[in-house]
Amino acid sequence: MNEITTELLDEVIAAAKAAYQLAYAPYSNFHVGAAALTANGNIVKGCNVENASYGLTVCAERNCISQAVINGEQQFQLIVIYTEQDKLTPPCGACRQVIAEFFEQSAPVLAVNHKNERKTWTVQELLPDAFTPKDLLDL
Ligand SMILES: O=c1ccn([C@H]2C[C@H](O)[C@@H](CO)O2)c(=O)[nH]1
Ligand SMILES: [Zn+2]
């Protein structure tokens, strides 16, 4: 995998910001955008989509990953989570599990906010000893 240039990272962050604008979050009013860079170098987006039946809400990160899979992409280089909160937003537990399904343990997960503050974790840091395809398949 090639090194991710600053310019490319800025493009992924811009995509997460664009996705943020599309968030459907009338109940929490907590809007989230996500964008992932696929192994093929494409950028895919997702936003959170809430529901009147609150538990059916799907986070930006999971919608982003599903969007990639629908486009035929199942491998990723990184994912960005964008919010306009003073605190940086980490992925929830459900999203950590879904990220662990498709990303290498060393892949970066980057939180960014409107002040351009940033925090990066690896997938391994977010979900150590994850239950992943290796535990079910002959990999
Ligand atoms: O990393 C996160 C954290 C929360 N949410 C969404 C779920 C819900 O719509 C709202 C508040 O939890 O934010 C995300 O999309 N991603
Ligand atoms: Zn989540």
Side-chain angles (χ1 to χ4, degrees):
M1 213 85 77
N2 293 327
E3 192 64 32
I4 298 161
T5 61
T6 314
E7 291 74 20
L8 183 53
L9 182 59
D10 285 346
E11 269 189 66
V12 183
I13 293 169
K17 202 168 176 173
Y20 170 89
Q21 301 299 334
L22 302 171
Y24 175 73
Y27 307 110
S28 71
N29 206 30
F30 192 93
H31 293 219
V32 185
L37 181 64
T38 71
N40 291 334
N42 295 313
I43 297 172
V44 288
K45 295 182 290 191
C47 60
N48 55 331
V49 179
E50 297 190 342
N51 193 277
S53 176
Y54 296 168
L56 300 186
T57 292
V58 182
C59 297
E61 299 92 316
R62 276 176 289 146
N63 278 329
C64 174
I65 291 167
S66 295
Q67 188 64 48
V69 172
I70 289 161
N71 288 327
E73 303 250 26
Q74 300 185 355
Q75 291 180 306
F76 300 88
Q77 301 186 52
L78 89 157
I79 187 164
V80 170
I81 304 159
Y82 178 82
T83 55
E84 300 200 346
Q85 304 291 325
D86 288 342
K87 290 180 201 151
L88 292 161
T89 299
C92 78
C95 290
R96 290 177 195 211
Q97 180 66 31
V98 173
I99 290 168
E101 180 80 17
F102 292 105
F103 289 62
E104 302 282 346
Q105 296 213 319
S106 59
V109 176
L110 176 64
V112 182
N113 70 5
H114 57 302
K115 296 188 276 187
N116 202 24
E117 294 168 335
R118 298 176 185 199
K119 180 170 174 133
T120 307
W121 305 266
T122 62
V123 172
Q124 155 77 24
E125 284 170 331
L126 291 173
L127 196 62
D129 299 322
F131 179 71
T132 63
K134 71 179 183 328
D135 298 299
L136 288 175
L137 307 173
D138 213 3
L139 299 176

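From a predicted model like this one, the values you see are computed outputs, not experimental measurements. Indexing begins at 1, ligand by ligand and atom by atom, following the structure's order.
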For the pair Y20 and Y82, name the ring-plane relationship: parallel under 30°, tilted 30 to 60°, perpendicular over 60°.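 Ring orientation, 0 to 90° scale: perpendicular.
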
Once you measure the plane-to-plane angle for Y27 and Y54, does it fall in the parallel (<30°), tilted (30-60°) or perpendicular (>60°) bin? tilted

Numbered atoms of ligand 1 (with element) below 4.0 Å of [X], judged on heavy atoms:
| X | value |
| --- | --- |
| T89 | 1 (O), 2 (C), 3 (C) |
| S28 | 10 (C), 11 (C) |
| E50 | 8 (C), 9 (O), 10 (C) |
| P91 | 1 (O) |
| P90 | 1 (O) |

Which atom names give the shortest non-hydrogen contact between [X] and [Y], and what distance separates them?
| X | Y | result |
| --- | --- | --- |
| L9 | R118 | CD2-NH1, 3.9 Å |
| E84 | Q21 | OE2-NE2, 4.5 Å |
| C95 | C59 | SG-CB, 3.4 Å |
| C64 | V44 | SG-O, 3.4 Å |
| L88 | K119 | CD1-CB, 3.6 Å |
| A100 | V123 | CA-CG1, 4.0 Å |

Below 4.0 Å from any atom of ligand 1, is there a heavy atom belonging to C47?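 Per 4.0 Å heavy-atom rule, C47 does not contact ligand 1.
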
Excluding waters, how many protein N/O/S atoms sit closer than 2.8 Å to the Zn ion (ligand 2)? 3

Atom 12 (O) of ligand 1 protein-contacted, heavy-atom criterion under 4.0 angstrom: no

From N51, V58, N29, V32 - option closest to atom 5 (N) of ligand 1 by heavy atom: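 Comparing heavy atoms across N51, V58, N29, V32, the nearest one to atom 5 (N) of ligand 1 lies in V32.
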
Verify, without hydrogens or angle tests, whether N116 (side chain) and V112 (backbone) share a donor-acceptor contact under 3.5 angstrom. no

For ligand 1 and I81, I'd like to know whether there is a polar contact (N/O to N/O, distance under 3.5 Å). no

For [atom], what's the nearest protein heavy atom and its distance?
| atom | value |
| --- | --- |
| atom 1 (O) of ligand 1 | E61 OE2, 2.6 Å |
| atom 6 (C) of ligand 1 | N48 ND2, 3.5 Å |
| atom 15 (O) of ligand 1 | A60 N, 2.9 Å |

Are more than 12 heavy atoms from other residues, nucleotides or ligands located less than 6.0 Å from atom NZ of K87?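 Counting neighbours around NZ of K87, 12 or fewer heavy atoms of other residues, nucleotides or ligands fall under 6.0 Å, so no.
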
Relative to ligand 1, is A34 under 4.0 angstrom through side chain, backbone, both or neither, heavy atoms considered?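 For A34, there is no contact with ligand 1 at all, from either part.
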
Please round to the nearest 0.5 Å and tell me the distance separating atom CD1 of I81 and atom CG of N113.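 If we round to the nearest 0.5 Å, I81:CD1 and N113:CG are 12.0 Å apart.
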
